[in-house]
Protein chains: 2
Amino acid sequence: MGIAERKARQRAELREQILRVARDIVVKEGFPALSMRKLADAVEYAPATLYLHFENREAIAKELCVRGFQDLLAMLEPAAQVEDPLERLPKLAEAYIRFGLEHPETYRLIFMEDPKLSTALFGDSPEGAGPRSFGVLVQVFVDLLAAGRLEEGTKPEQFAEVLWAGVHGIVALKLTCSGFPGSPAEELTQVLVSTLVKGLPGLKAEQTPTKAR
Amino acid sequence: MGIAERKARQRAELREQILRVARDIVVKEGFPALSMRKLADAVEYAPATLYLHFENREAIAKELCVRGFQDLLAMLEPAAQVEDPLERLPKLAEAYIRFGLEHPETYRLIFMEDPKLSTALFGDSPEGAGPRSFGVLVQVFVDLLAAGRLEEGTKPEQFAEVLWAGVHGIVALKLTCSGFPGSPAEELTQVLVSTLVKGLPGLKAEQTPTKAR
DNA sequence: GGCGTTTATGAACGGTGTTCACAAACCACT
DNA sequence: AGTGGTTTGTGAACACCGTTCATAAACGCC
């Protein structure tokens, strides 16, 4: 049945091309500038054809979200493999904000555009990409706990959530409030991480190595 | 010239009514649902009439931004007047996130919708509402510095920026990523503030009173 | 060659922000 | 009271938008 396979492959290829072009537009001009007509024009099909491959504009956005999030995860990967959790933490934070600043439109799409989009990553699935990458952050504090450098009885998830909120806040402000946080993002991240780490309950301070680059 | 005054007053009144109705729509259905036609319908004028009072839709949004920000400032006011900076800090943070969660659409409009909007608050003017409310946060750390509870040579603005990023991150995640940060916002704020305070460089720990509600 | 399915499209519907020529209302001045 | 100029209001239009649907073309199979 080589013929059916070819048709399936061609279909998948067109779908892929649509997504590729859509991504280009989003990256270059932002998600609001992604219109079905412009997209159809760019792939040289009629607008109605897009609806043979995606339910609607939002479905395209969701797919772009998922892929963008995978890119974010990939950027976190190297930092996630550092052994010492106290070294790992600043590296993770730095990689996160670097992704946000280097791919502003992608970051906006994932975290700041439509609540429905991020729901695709965090909401429904029990083990989607969202919770998985969150696990990377939690692991830091689990490791700290295991190493006896974090007070027993504290919840690692909570510290992970606070840290995520912190780095997200830095990126979000930088992306929207033009020039509000006067200090550069790297500096803020460094201050955030070092201060948070130093303030963790029960940390046996062994000269906290909190350099962030 | 009582007649000219009356005309000016009527003009201002209509402008005000437009803004009032626009605010209602935004609060109830979100900023994207605010269309010029719907707004014109609600104030019982033709759409074109709106353009006699505002340059365009964005001008209306900007005005709503400014007023929303004033509301935020008003909510911060009581907390800002607490004498002890170590007590003031958690109260400010709590008031901030409370505003964000109680007026989600207003908060979105101000900080998460269009970069151009927040620019009206932070960008151009040297002493707009943005920097002024930021000053409230800076003051906390200035006071801490003056009281000798913060290491000399550290920059109060930077800590204020980090704190703002932290609370903004908490609110922003809560507003977009449905149910991502599992912990309630109040808990996260408490952890954020207490951990940050404890981690401040050179704080002469006098039994940090970091209760947040 | 004829038939059924998949793929593609043009045209339309109802919506958006915005502009502009035109009309009505209004006030001031003769 | 009438006339002229300014302000205020509007209907219609333009160029977009997402989406749907009947129609048509292309394609593989018998």
Side-chain angles (χ1 to χ4, degrees), chain A residues 1-19 21-23 25-26 28-65 105 109 113-117 120, chain B residues 1-19 21-23 25-26 28-65 105 109 113-117 120:
Chain A
M1 279 292 117
I3 162 69
E5 287 171 25
R6 194 209 58 197
K7 287 194 85 175
R9 192 177 60 239
Q10 283 180 345
R11 198 180 151 79
E13 255 172 32
L14 177 50
R15 199 188 132 95
E16 216 57 32
Q17 196 205 339
I18 293 173
L19 285 171
V21 173
R23 200 196 94 105
I25 295 178
V26 167
K28 233 176 287 178
E29 315 175 43
F31 175 62
L34 176 70
S35 86
M36 296 302 271
R37 284 176 161 92
K38 192 194 287 188
L39 178 53
D41 240 42
V43 294
E44 299 182 287
Y45 277 90
T49 306
L50 300 180
Y51 290 85
L52 296 180
H53 297 269
F54 296 92
E55 195 193 341
N56 49 28
R57 188 177 108 111
E58 194 183 310
I60 299 179
K62 270 192 185 158
E63 186 64 41
L64 291 182
C65 258
E105 295 304 341
L109 181 65
E113 214 67 58
D114 194 329
K116 277 179 247 164
L117 297 181
Chain B
M1 280 294 118
I3 163 68
E5 288 171 22
R6 194 209 57 198
K7 287 194 84 175
R9 194 177 59 237
Q10 284 179 345
R11 198 180 151 78
E13 255 171 32
L14 178 51
R15 197 187 134 95
E16 216 56 34
Q17 195 205 339
I18 293 173
L19 284 172
V21 173
R23 201 197 93 105
I25 295 178
V26 168
K28 232 175 288 176
E29 316 175 44
F31 175 62
L34 176 70
S35 86
M36 297 301 270
R37 285 176 162 90
K38 191 193 291 189
L39 178 53
D41 240 42
V43 293
E44 299 181 287
Y45 277 89
T49 306
L50 300 180
Y51 291 85
L52 296 180
H53 298 268
F54 296 92
E55 196 193 341
N56 48 29
R57 189 177 107 111
E58 192 181 314
I60 298 179
K62 268 190 185 159
E63 186 63 41
L64 291 182
C65 259
E105 295 304 341
L109 181 65
E113 213 66 60
D114 194 329
K116 277 179 245 163
L117 297 181

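Chain identifiers are assigned alphabetically (A, B, ...) following the order of the sequence lines, protein sequences preceding nucleic acid strands; residue numbering begins at 1 within each chain.
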_Heavy-atom side-chain proximity of A:E13 to A:R9 below 4.5 angstrom_ = yes

*B:D114 CG to C:dG17 P, straight-line distance once rounded to whole Å*: 14 Å

*Do you know the tightest heavy-atom contact between A:L64 and A:R23?*
CD2-CB, 3.9 Å

*asked:* Restricting to side-chain hydrogen bond (donor to acceptor under 3.5 Å, both in side chains), what partner residues turn up for B:E29, sequence neighbours left out?
replied: B:K38

*Taking OP1 and OP2 of D:dT8, is either one under 4.0 Å from a side-chain nitrogen or oxygen of B:R11?*
yes

*Can you establish whether the number of heavy atoms outside B:Q10 located under 6.0 Å from its atom CD is more than 12?*
yes

*For DNA chain C, which residues in residues 44-56 of chain B have a heavy atom at a distance below 4.0 Å?*
B:A48, B:Y51, B:N56

_Expressed as a whole number of angstroms, how long is the span from B:Q10:CD to D:dG9:C1'?_
14 Å

*B:D41 CG to D:dT10 C1', straight-line distance once rounded to whole Å*: 14 Å

*asked:* Taking side-chain hydrogen bond (donor to acceptor under 3.5 Å, both in side chains) as the definition, give me every residue that meets it alongside A:R15, ordered by chain and number, with sequence neighbours left out.
replied: A:E63

*Whole angstrom is fine here: how far is it from CD in A:E29 over to P in D:dC16?*
14 Å

*Report the distance from atom CE of B:M36 to atom P of D:dC16, rounded to the nearest whole Å.*
19 Å

*Rounded off to whole Å, could you give me the CD1-to-P distance for the B:I25 and C:dG17 pair?*
10 Å

*Closest-nucleotide ordering on DNA chain C, the 5'-leading residue of B:E58 and B:K7*: B:E58

*side-chain hydrogen bond (donor to acceptor under 3.5 Å, both in side chains) partners of A:K116, counting only residues at least two apart*: none

*Please give, in whole Å, the distance from D:dT7 C1' to B:L14 CG?*
13 Å

*Decide yes or no for B:L50 and B:V43: does some side-chain heavy atom of the first lie under 4.5 Å from some side-chain heavy atom of the second?*
yes

*asked:* Cation-pi check for A:Y51 against A:R57: NZ or CZ below 6.0 Å from the six-membered ring centre and within 45 degrees of the axis, yes or no?
replied: no

_Can you list everything that forms a side-chain hydrogen bond (donor to acceptor under 3.5 Å, both in side chains) with B:E16? Sequence neighbours excluded, please._
B:R67

*Separation of B:L39 atom CG from C:dT18 atom C1', in whole Å?*
14 Å

Close N/O contacts between protein and nucleotides 12-15 of chain C (under 3.5 Å):
from   : atom 1 : to    : atom 2 : distance (Å)
C:dA12 : N6     : A:R37 : NH2    : 3.4

